[in-house]
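First comes the structure, then the notes that go with it.
Since the structure is predicted, the reported quantities are computational estimates derived from the model, not experimental observations. Values below: every heavy atom of this structure, side chains too, minus hydrogens, waters and symmetry copies.
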Amino acid sequence: MTDNQKENLRQAALAYHEFPKPGKLEIRATKPLANGRDLARAYSPGVADACLEIKDDPANAARYTARSNLVAVVTNGSAVLGLGNIGPLASKPVMEGKAVLFKKFANIDCFDLEVDESDPEKFADIVCALEPTFGAINLEDIKAPDCFIVEKLCRERMNIPVFHDDQHGTAIVVGAAATNALFVAGKRFEDIKIVSTGGGAAGIACLNLLLKLGVKRQNIWLCDIHGLVYKGRTEDMNPQKEAFAQDTDLRELGDVIHDADLFLGLSGPNVLKPEHVAKMTPRPIIFALANPNPEIMPDEARAVAPDAIIATGRSDFPNQVNNVLCFPFIFRGALDVGATEINDAMQVACVEGIAELARTTTSAEAAAAYKGEQMSFGADYLIPKPFDPRLSGIVSTAVARAAMESGVARHPIADLDAYRASLDASVYKSALLMRPVFDAARTAARRIVFAEGEDERVLRTAQAILEETTETPILIGRPSVIEQRCERLGLTIRPGRDVSIVNPEDDPRYRDYWGSYHEIMKRRGVTPDLAKAIMRTNTTAIGAVMVHREEADSLICGTFGEYRWHLNYITQVLGGADLRPHGALSLMILEDGPLFIADTHVHSRPTPEQLAEAAIGAARHVRRFGIVPNVALCSQSQFGNQSEGSGRRLREALEILDAAPRDFAYEGEMNIDAALDPDLRARLLPDNRMTGAANVLIFAHADAASGVRNILKMKAGGLEVGPILMGMGNRAHIVTPGVTARGLLNMAAIAGTPVRHYG
């Protein structure tokens, strides 16, 4: 990297910390504070009631305060990673960053506390005095051996989890990586010889955890800056190092590296030489974790041992040992069961959860975050990526279970499966809302055909369908291309074995398909030759014909191309007197709940009849999500104050709705703010027929509906489920090109719901 590039990166990092406001954290209220009533509840006099409840029973602090989800990251800045003893104030950006990671990955609130105290016993006194405020303590960047003293004192005196992440977080991720490295190499913990460099907090913690995983103490050889730790050595020793002292005449790393299976480096750059690697066993495992420069660069190690399995602490090489894989999730599990400590059983459970996840298929979300990287389990993929959203559900649940089984959980969880589902729901914004749909889809094994079967998102969706539902995916695409892409993406599915394939270039059903299409379209200008051409090139038409022939139950298309182009072929093949598109309904999942929007795609300027149909169809589909529909017809006009334009069409739609009994609440025409603010609506029309905020917005122009949908998605962080094609009996749905693999899975669940579930 050139000096100019380094300076650009430096300036970018500084700008990230400074703008648009200094720092990386802020505090937000979780309750409204908009009037005198709110103030009286939040503070005096109402706050006294919460105080007295906690005085009577301290456990009530978990009910009435944020304590049970609040962690302190505490440091004195004496051993900041890569920077050394820079002091508490200079360490604050690191601690803020740690707090941000807690929130991002496990939704744990966090305060960073930088303490100006270098005496370990006084430091421990300060931390222990904080127990009433926090549910757990994360000690961070405290030099050895002081960190051992501080943690020991705090754990003895405090009745909440205390966890020094530099020690145990590193150890857990190393343990997970070692578990899988040994699996790949065909070796066992109890048989291997380990040579380690670095007698600091992280190094000692790693060795202690490896002992718990089965490594024999006599097979561990610890070196530091002074050479081998041996019995009788007095220089720079402490009880933690002494526990690994070997009774030997050997003194140097080069003397003890012979026949080592695993090198564990937590020391400094260039400590391990190529000649050292040459002395190790075949298929050596090298964890060179010094940052930013490892004990040996991977290319140097592989020049000597091409089959070496290597991990580093850097993000630009495979197998980055990163504590963020551990600490948010071990704290999440510990907090949720009210654990009094984080014990050995919980740490081992965390190791096993992380290792297990790496051996499963990579999630689509992790693949998107690390686009272009190979993420298939093996020598270059030993541990999952931090942005794998499954970490929370798998690891936190394993930790919670271990806490309960080991007797340190004050609030055991009765249903761990439901707990894991709740964790998944906190990561996948759509999970909670989609649960009724997935439950309904599991009642019937429907066949879902994907028109763009070679698309990576579709392939990942097919994998997820087989893992999470009872549906059968059918892919339209070339088998050789699908197989190659599945292998490259690390997916276990294979064409012909796990998923059915329709090959547009060569399929035995080709004659039947073009014949069916011609029969449907022969009076609409389609000749046999044109039908043959379409059935060779148009995968949406092929999928629609499959549904028409009852070889599939529903079609999903639209990962590329224009919506109405796909709609044209779906309507041609599947439309009829009973089936015709009424509109497209998009579910937007927002911070304060769901909001449904229609018609976003089908009718550019819907008629009053089409608007009424859209409202009726939307109400029906909203119920599929377990939500009571509250439908607002939205316009620039407000309750008749404009005589022309969209207001007129919506008033006519309202008359159509009024002409027959309806089983849902609706009102219009009105502005969006009146739809979403019941107090404003009551001032404008006191006797309006809706109660509360609308959750379905029907627009008189597709431009308006689509515009609102896209603004909510791009500026309000809304997650879209849909669009759901209404009026086609659940036989086809058209997504948009921006859809994710998770979005496709949600649509597959919607398509997989039997018709009886939505009318």
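- Within 6.0 Å of the CD atom in Glu652, the count of heavy atoms belonging to other residues, nucleotides or ligands exceeds 12.
- The local environment of CZ in Arg648 is sparse, with at most 12 non-hydrogen atoms from other residues, nucleotides or ligands closer than 6.0 Å.
- Lys715 meets the salt bridge (charged side-chain N to carboxylate O under 4.0 Å, His left out) test with no other residue; sequence neighbours excluded.
- Between Glu26 and Lys21 a salt bridge is recorded (basic side-chain N to carboxylate O distance below 4.0 Å).
- The pair Arg709-Glu720 counts as a salt bridge, with a side-chain nitrogen and a carboxylate oxygen less than 4.0 angstrom apart.
- For Glu454, the salt bridge (charged side-chain N to carboxylate O under 4.0 Å, His left out) test picks out Arg478, with sequence neighbours left out.
- Sorted by first and then second residue, the salt bridge (Lys or Arg N to Asp or Glu O under 4.0 Å) pairs with a member in residues 567-589 read Arg580-Glu613; sequence neighbours excluded.
- Remark: Gln11 CD is packed, more than 12 non-hydrogen atoms of other residues, nucleotides or ligands lying under 6.0 Å away.
- Counting only residues at least two apart or in different chains, ring pair (Phe, Tyr, Trp, His ring centres under 6.0 Å) contacts with residues 440-476 are absent.
- Here the shortest heavy-atom pairing between Pro504 and Thr539 reads CG-CG2, 4.3 Å.
- Side-chain contact check for Thr360 versus Arg390: some heavy-atom pair is nearer than 4.5 Å.
- The stretch residues 683-740 participates, sequence neighbours left out, in no ring pair (Phe, Tyr, Trp, His ring centres under 6.0 Å) pair at all.
- Within a 6.0 Å sphere centred on OH of Tyr64, other residues, nucleotides and ligands contribute more than 12 heavy atoms.
- The nearest pair of heavy atoms linking Ala552 to Ile474 is CB-CD1, 4.1 Å.
- Residue Ala614 comes nearest to Met726 through the heavy atom pair O-CE, 3.8 Å, listed as atom of the first residue, atom of the second, then distance.
- Among residues two or more places apart in sequence or in another chain, the salt bridge (charged side-chain N to carboxylate O under 4.0 Å, His left out) test is passed with Arg41 by none.
- Residues Arg332 and Asp336 are paired through a salt bridge, judged by an N-O separation under 4.0 Å between the basic side chain and the carboxylate.
- Among residues at least two apart or in separate chains, there is no ring pair (Phe, Tyr, Trp, His ring centres under 6.0 Å) pair with a member in residues 702-725.
- Residues in residues 571-591 take part in no ring pair (Phe, Tyr, Trp, His ring centres under 6.0 Å) pair, two or more places apart or across chains.
- Rounded to the nearest 0.5 Å, atoms CG (Asn671) and CG (Leu680) are 8.5 Å apart.
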Side-chain polar contacts of residues 567-574 - donor-acceptor pairs under 3.5 angstrom, sequence neighbours left out - could you list them?
{"residue": "Thr571", "atom": "OG1", "partner": "Leu567", "partner atom": "O", "Å": "2.8"}
{"residue": "Gln572", "atom": "OE1", "partner": "Tyr517", "partner atom": "OH", "Å": "2.9"}

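- Inter-residue side-chain proximity for Met670 and Phe639 is flagged as met; some heavy-atom pair is nearer than 4.5 Å.
- Using a 4.0 Å cut-off between charged nitrogen and carboxylate oxygen, Asp658 and Arg689 count as a salt-bridge pair.
- Side-chain contact between Leu357 and Val395 is absent, with no heavy atoms from C-beta onward closer than 4.5 Å.
- The shortest distance between side-chain heavy atoms of Ile542 and Val502 falls below 4.5 Å.
- Judged as a salt bridge (charged side-chain N to carboxylate O under 4.0 Å, His left out), and not counting sequence neighbours, Glu18 has no contacts.
- Residues Asp455 and Arg460 are not paired through a salt bridge, judged by the lack of any N-O separation under 4.0 Å between the basic side chain and the carboxylate.
- Applying the ring pair (Phe, Tyr, Trp, His ring centres under 6.0 Å) criterion to Tyr563, with sequence neighbours excluded, gives His601.
- The two atoms that bring Val739 and Leu744 nearest to each other are CG2-N, 3.8 Å, heavy atoms only.
- Side-chain contact between Leu725 and Pro581 is present, with at least one heavy-atom pair separated by less than 4.5 Å.
- Side-chain contact check for Val449 versus Ile476: some heavy-atom pair is nearer than 4.5 Å.
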Can you give each donor-acceptor pair under 3.5 Å made by side-chain atoms of residues 29-40, sequence neighbours left out, with the distance rounded to 0.1 Å?
{"residue": "Asn35", "atom": "OD1", "partner": "Arg37", "partner atom": "N", "Å": "3.2"}
{"residue": "Asn35", "atom": "OD1", "partner": "Asp38", "partner atom": "N", "Å": "2.9"}
{"residue": "Asp38", "atom": "OD2", "partner": "Ala34", "partner atom": "N", "Å": "3.0"}

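- At a threshold of 4.0 Å, the pair Glu96-Lys98 does not count as salt-bridged, since none of the basic side-chain nitrogens sits closer than that to a carboxylate oxygen.
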